[in-house]
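Here's the structure, in structure tokens; my notes come after.
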Amino acid sequence: MTMTHDAPKAGSQVGRSVPRLEGRDKVTGRAEYTHTMRLPGMLTCKLFRSTVAHGRIKSIDTSEAKKVPGVFAVVTIDDVMKVIPDPYYGPAFHDQPILAHEKVRFVGEPVAAVLAMDPHVAEEAAQLIVAEYEELPAVYDEVDALTTKTYVHDVLKPAGTFADLKHLKDARDTNTALDYRLRKGDVDKAFAQAAHVFEHEFKTQKVLHLPFEPHASIADYKDTGVTVYTASQGPSFVRTEIARLLGWPENKVRIKVPYLGSGYGAKLYIKLEALVVALSMIARRPVKLALTFEELFYQITKHPSTFRIKSGIDKDGKIIARKCEVFWNGGAYADIGPRVTQKSGLTASGPYEIDNVWIDSYALYTNVTPAGALRGFGVPQLVWAYESHSDMIARALKLDPVEFRRKNLLREGRPHATNTIIKDAAVEKVMDHVLDRMNWSKPFDKSTGVVKRGRGFGISIKAVITPTTSVAIVNVSGDGSVTLYCGTIDMGQGSDTAMAQMVGEVLNVPTETVRVVPRDTDVTPYDMGTLGSRSLFHMGHAVQRAAADARDKLKALAREVGEPEGSNIPVRDLFVKKYGMQAGNVIGTGIFKPDYIPPAPGTGLSENVTAFWMVSGAGAEVEVDTETGHVKITKLVNVVDVGKAINPRIVETQISGAALMQLGFTMFEKMHIDGGQVTNASLADYKIPGFHDVPTVMDNSHVDTNQANGPFGAKGVGEVATFCVSPAIANAIDDAVGVRLTELPLNPESVYRAIRAKAGKPLEDE
Amino acid sequence: MMTAARTISFKLNGMPVTADVKPHHNVVEVLQSQFSLTGARETCGQGLCGCCTVVVNGRAVSGCLYLATFLDGTEVTTVEGLDTPQKLHSVQEAFIETSAFQCGYCTPGFVLMTTQLLDEHPDPDDEQIKHYLTGNLCRCATYPQVIEAVKLAAKKRKGS
Amino acid sequence: MTPFELAEPTKLADAVKLLDPDDPTVRPIAGGTALMLMMKAGVFRPAKLISLRGIESKYSGIAASGGGLRVGAMTTLNALERSADVKKLAPLITRTMLTLSNVRVRNVATVGGALAHGDPHMDLPPVLMALGAKLTVISPNGERSVALEDFFTGYYETVLEKNELIAEAHIPAQGAKRAAYMKVTTGSADDWPALGVAVVLDSDGKAIKSARVVVSAATTKATRVKSAEAVLAGKTVDDKLLAQAGDAAVEEAEFIADVRGSVPYKRELLRVYIKRAVRQALDGGAQ
Amino acid sequence: MNVSGEFTIKAPRAAVFDTIRDPKSFISLVDGIRDLKEIDPTHYQAVFETKIAYLNFKFNVSVEVTKLEVGEIAAKIEGTPLGVVGRLTATTSTVLTEVGDETKVAYSVDAALAGKLGSMGQPVMRSKAKDLEKVFVSRLRERFAQAAAE
């Protein structure tokens, strides 16, 4: 197909299941990832990590390590501060030192770095470092963290980026890194009037992303500028933060990101980059740090949470009041925890229309591995609680769980708890689709044998992180070929392909011919980050605008060279007419930032709190072995509202992958921690789903909707299918055997213990 | 008695090669550092995920648990040895056509194991696929799509 | 991993001479799949490894002899899985192989290694123990025979001296005996087991003449539970008998807690799975 | 990780107490402790070496006796393994009760292992702790059996 400057027909690229553009490189093993990259003269770094959860560093003895032949340097924070005097970084708080400084705050915190050409030498030397600590009391539990006199940080240091953290500047004697609140109506009065009041507490465990390409960064420092190759979901932020640490303008910092061996939120904001830059400054050579699988357990995790939820129900089954107290276990450094606390916190009351809502959501420091965003920015923890709660209320009131929800669902045009009016959120349609795929209205055989059957479902809503900015550039070359420059990281979600489809749609060229430039902040423009299912919507808009800008400029060029209106000459000929040969470019640019009204201080209310709503539902059928507590998931239905699917096959893969990942978090994944130490830091002891964990029937679909303000009617999909898996399964277990689990994971022992407790014969503890 | 580096010879993707290895080097690091082949990668480091899969003398092994020195005199195939400049291997085509991967980090392992699986079971059913590939994990959880890919690859293989 | 020396003898007799009875940093390496884990974790730093890969090929073979199997210690699990002799004489082993670890491990790991490693989670030890296997062990001083049930002494620990190696395993033919091996995982489906139960029954219909019952994974070592065997011997199977056998086994076995379950839970699992394994064996199982 | 248990010794409580309150006598009951150094009457240093199959673990340990009354002994133990990054911390308490002419010894150890050993070796260490207990009990019994015979 020859590209012409005037796109005659639309609809040929968007909505098509284009095979992934990078597929060939991935199936041949030639795709580039930071973890397997090498630079000439590169040193490898291995870390010496803290063995105490909370302590003052008395001494670090590196003498034996330095004696190992082949060791180039052993670096502690004192060395780092000679090149970066203020070595603290982080997106929400400048709380994390490049290496431990004065104190250590979790087991596994990097304390010293060994550099050598041979990784085995560095590893051996790191084992010879000895540190002495004055041990301090430690806090591990998120609820304890609110009231304890043990403080993880002496003084809080908000980064200044987020308005709602400013009041925490210089705060002392607290572990609270954000206290988000929403106040709507009068909950106390409504509870007093309610016919029934239900209060439950739910917990989630500590789990982690485990990207199969563990974190890796390489820095190549020169006095004229630094280049960082890194497995990052947010190169623009890394650039800003490195520039800040060095006191440099951003243009001297270059961040290059090849493909990512997945992220799920693990590689957001800044991780290893500040350390490798400091090490490269010290060594004056390229330095690489690539984590091992075990070290992932000391990098970033999901937030464990405690959620106390209380609902007042009137005599007709309408929820008239809801009070939510959510405690987020953020670990030793805030990372993006405060955003998780606020951005998910505001939807803690669920996809229901409730007149009186009270939400307190606390980000809390503790002495464990830091927590960040994991495929849902906290929303899976919330949905686990509020959709379990929904079923518990319905069961207690002997109401049909479908009708109870239907009576309370948020509908189009109605106000959410924040006061933002619901628009393009197909809550009821998604629920009905789940029920349809579950054959909910048909009789269900629960069985009477040792193995009992049950079914359950859940429904959820999420607001996208707002407001954020994306910029894109579309470049049409002299031969008419098209190149897209955008900062969205393709970490497996297929964004390169989807963005290219949008360019192809606007410029009427086949998607397969569009080149998407690998991420490099020297050439790809700003993007806030690949997170929170924001990219397809935000970057999609920017890309669409950039492509439209290029198209307009091509039309202007045609007029300029005297082409009559309606002429459709090939683009190459247009350039030849203008420049006398195959030469020149047409550059289109696009910027997108949605409208937004920040939540009002005190009440958390806002008429426009999100650029769009995400909606998903899930249904599960299970078989519970009553003799052992084993739960087999025989059917898992996942339904999401994605607006219009840009690439239906990729959408389906995303839904399926997200649901299966959450299945692991629901059924068995758990970081075991003893005295602050993770005791199962390996794939042998921390299990993730494999082939045999896939439910017998997986039924994934999206409802046919249109996101009116989205690019080509689309919105994000990466996280959304995780939300309802946990409560759907817990509700199904309750349906099967009449026990209610309120803490994840729902592993066989937990289920068995609950069955025994219900029978009045509780199993003894250890 | 071998004390330090030693030169080993083997066939790598059909080409005779030599490498200087020490006893503590594993296959993955030697392939990456001496041959710039990065398709086999170390993820879990315990032989459980399959990202480091290579084929030695016709049998798949975990490259992260296999001492490089033991490659001496063997024939080694890595994922990079499957395609030609003209044509992808039918298993690779099938993985692309079914979109049976997301981030792609584990994909070379799945592709290599699938070639082995189809050698043994040319027309596998779901159970055979799951059983054979159970030692390969995908954190993006594209398992249902991989099953489709394996079946498509089986069909392609029969057709060719 | 830290550097070490590697020796590659071509005879088993030479290999045992290279081992040092007093130096735990000198170790044999066969397939290496288990040893490499210890080395990569940094908890084992060998000074010298003795590779057994080059020793006489007779130690990599399977032969049917005298109503049983002789399996060389260097036989890969893959070869065990595919052997027609094994399928004929000890079908329980063939069945077990299907769910043992994964293809890549089976391609490399050896029978001798799987036993000598002494990891209580492995599948082969309980199965071979229930079948009544004996090992021939050699050292520079000669050879001795050890019944597998006397082989394990603890977590990762066996009766092997540091200069002893398993040469071969002798497995009596299963014959008309009924057998089953069941393992229970509590993490993902392919997790290491929280419990393994192997039973081999000499029976006539539901009447059991004698039984061998072995528990693994929930315990620090694969262990014969003779009290449960005694309960079953000479009895006809019914729910009550199986419950008694379960109680006896729970009483006898020494459990350990780990991420896969607490001791009280593992006890309950054993009660249930003794029952299920006996029933599975009688209902067809491997025969 | 908590390891606890109880056993009985055929000896009067005072005799049992005397045996385990004396550090030199105590360490002779524990497999693998040597090079005991007394810093002061409540603080000691020693080397603890233990072996699991072919894996050798060696710790420099310091012990602080936090309670020493007839009938109850409590101590805090901290150790650093040699050659591998890690840390062992434990608190122990032992309660002696008279049961007729025997003494019931109830002990409880709360131990935490951090670093490499902590992330890999919990079940192994747990089983090792059981072994240590068995050795301890048998040596203690042996000692009183000998004492009775003499």
Side-chain angles (χ1 to χ4, degrees), chain A residues 17 19-20 22-33 35-38 119-120 209-214 259-264 290 292-294 490-494 497 647 649-650 652-654 656-661 663-664 682-684 687-694 698 700, chain B residues 22 24-25 28-29 32-33 36-46 48-49 51 78-80 82-83 88-89 91-112 126 129-147:
Chain A
S17 289
R20 286 162 191 267
E22 79 287 7
R24 201 178 168 108
D25 286 345
K26 285 183 174 171
V27 300
T28 59
R30 296 190 180 93
E32 189 173 52
Y33 300 90
H35 210 275
T36 55
M37 277 177 67
R38 280 157 203 272
H120 297 286
H209 315 68
L210 291 182
F212 268 19
E213 179 206 18
Y259 284 107
L260 247 61
S262 79
Y264 322 112
T292 62
F293 200 79
E294 183 193 351
D490 197 326
M491 51 191 179
Q493 83 279 38
T497 309
N647 185 319
R649 178 63 178 178
I650 292 180
E652 192 201 322
T653 314
Q654 280 281 82
S656 162
L660 287 173
M661 189 174 203
L663 184 142
S682 74
L683 200 54
K687 303 312 291 186
I688 65 170
F691 271 101
H692 290 106
D693 299 296
V694 176
M698 278 281 279
N700 308 310
Chain B
K22 291 184 177 170
H24 64 289
H25 290 157
V28 173
E29 59 187 307
Q32 292 191 357
S33 65
S36 292
L37 295 177
T38 58
R41 341 169 140 135
E42 179 161 331
T43 290
C44 75
Q46 296 186 308
L48 298 170
C49 70
C51 292
T78 70
V79 71
E80 291 92 343
L82 293 183
D83 64 324
L88 289 177
H89 190 282
V91 172
Q92 294 170 321
E93 287 176 359
F95 270 70
I96 291 179
E97 287 165 27
T98 54
S99 197
F101 53 86
Q102 294 204 26
C103 79
Y105 209 70
C106 66
T107 310
F110 274 99
V111 167
L112 274 175
D126 282 26
I129 295 170
K130 287 190 211 170
H131 168 244
Y132 204 92
L133 298 181
T134 192
N136 289 65
L137 296 171
C138 169
R139 189 52 160 164
C140 305
T142 49
Y143 303 113
Q145 294 78 17
V146 167
I147 291 176

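We name chains A, B, ... by the order of the sequence lines, and we start the count at 1 in each one.
Between the side chain of Q145(B) and the main chain of S99(B), no donor-acceptor pair closer than 3.5 Å is present. At least one donor-acceptor pair closer than 3.5 Å links the side chain of R41(B) to the backbone N or O of Y105(B). No side-chain donor-acceptor contact under 3.5 Å links Y259(A) to the backbone of C103(B). Distance alone, capped at 3.5 Å, is enough to place a donor-acceptor pair between the Y264(A) side chain and the C140(B) backbone. Between the side chain of Q102(B) and the main chain of S262(A), no donor-acceptor pair closer than 3.5 Å is present. Between the R20(A) side chain and the G492(A) main chain, a donor and an acceptor come within less than 3.5 Å of each other. Checked by atom type and distance alone, the side chain of R30(A) pairs as donor or acceptor with a backbone atom of E80(B) at under 3.5 Å.
Residue L133(B) touches chain A through both its backbone and its side chain, counting heavy-atom pairs closer than 4.5 Å. Neither the backbone nor the side chain of V91(B) comes within less than 4.5 Å of any heavy atom of chain A. Proximity to chain A (any heavy atom under 4.5 Å) is shown, for H24(B), by both the backbone and the side chain. A684(A) touches chain B through backbone and side chain together, each having a heavy atom under 4.5 Å away. The part of C51(B) that comes within reach of chain A is its side chain, from C-beta onward, which places non-hydrogen atoms under 4.5 angstrom from that chain. Interface remark: E22(A) contributes side-chain atoms only to the contact with chain B (heavy atom separation under 4.5 Å). With a 4.5 Å cut-off on non-hydrogen atoms, T38(B) touches chain A through its backbone and its side chain both. Heavy atoms closer than 4.5 Å to chain B are found in both the backbone and the side chain of F212(A). In this structure, the portions of L210(A) lying under 4.5 Å from any heavy atom of chain B include both its backbone and its side chain. Both the backbone and the side chain of E29(B) come within less than 4.5 Å of a heavy atom in chain A. For chain A, no part of D126(B) is nearby; none of its heavy atoms comes within less than 4.5 Å. Residue contact with chain A, scored on non-hydrogen atoms closer than 4.5 Å, is absent for T78(B). Both the backbone and the side chain of T98(B) come within less than 4.5 Å of a heavy atom of chain A.
Interface check for chain B: of the options L260(A), L683(A), L660(A), I650(A), the most heavy-atom pairs under 4.5 Å are formed by L683(A). Of the listed residues (E652(A), H209(A), Q493(A)), the greatest number of heavy-atom pairs within a distance under 4.5 Å of chain B belongs to H209(A). The choice from Q654(A), M491(A), H120(A) that makes the most heavy-atom pairs within less than 4.5 Å of chain B is H120(A). Taking chain B as the reference chain and counting heavy-atom pairs below 4.5 Å, the highest number among H692(A), H35(A), M661(A) is found for H692(A).
In this structure, the separation between CZ on F101(B) and OG1 on T653(A) is 9.5 Å, given to the nearest 0.5 Å.
Among residues two or more places apart in sequence or in another chain, the side chain to side chain contact (heavy atoms under 4.5 Å, CB included) test is passed with P689(A) by F668(A), E669(A), D693(A), R139(B).
Note on residues 103-112 of chain B: no pairs pass salt bridge (Lys or Arg N to Asp or Glu O under 4.0 Å), not counting sequence neighbours.
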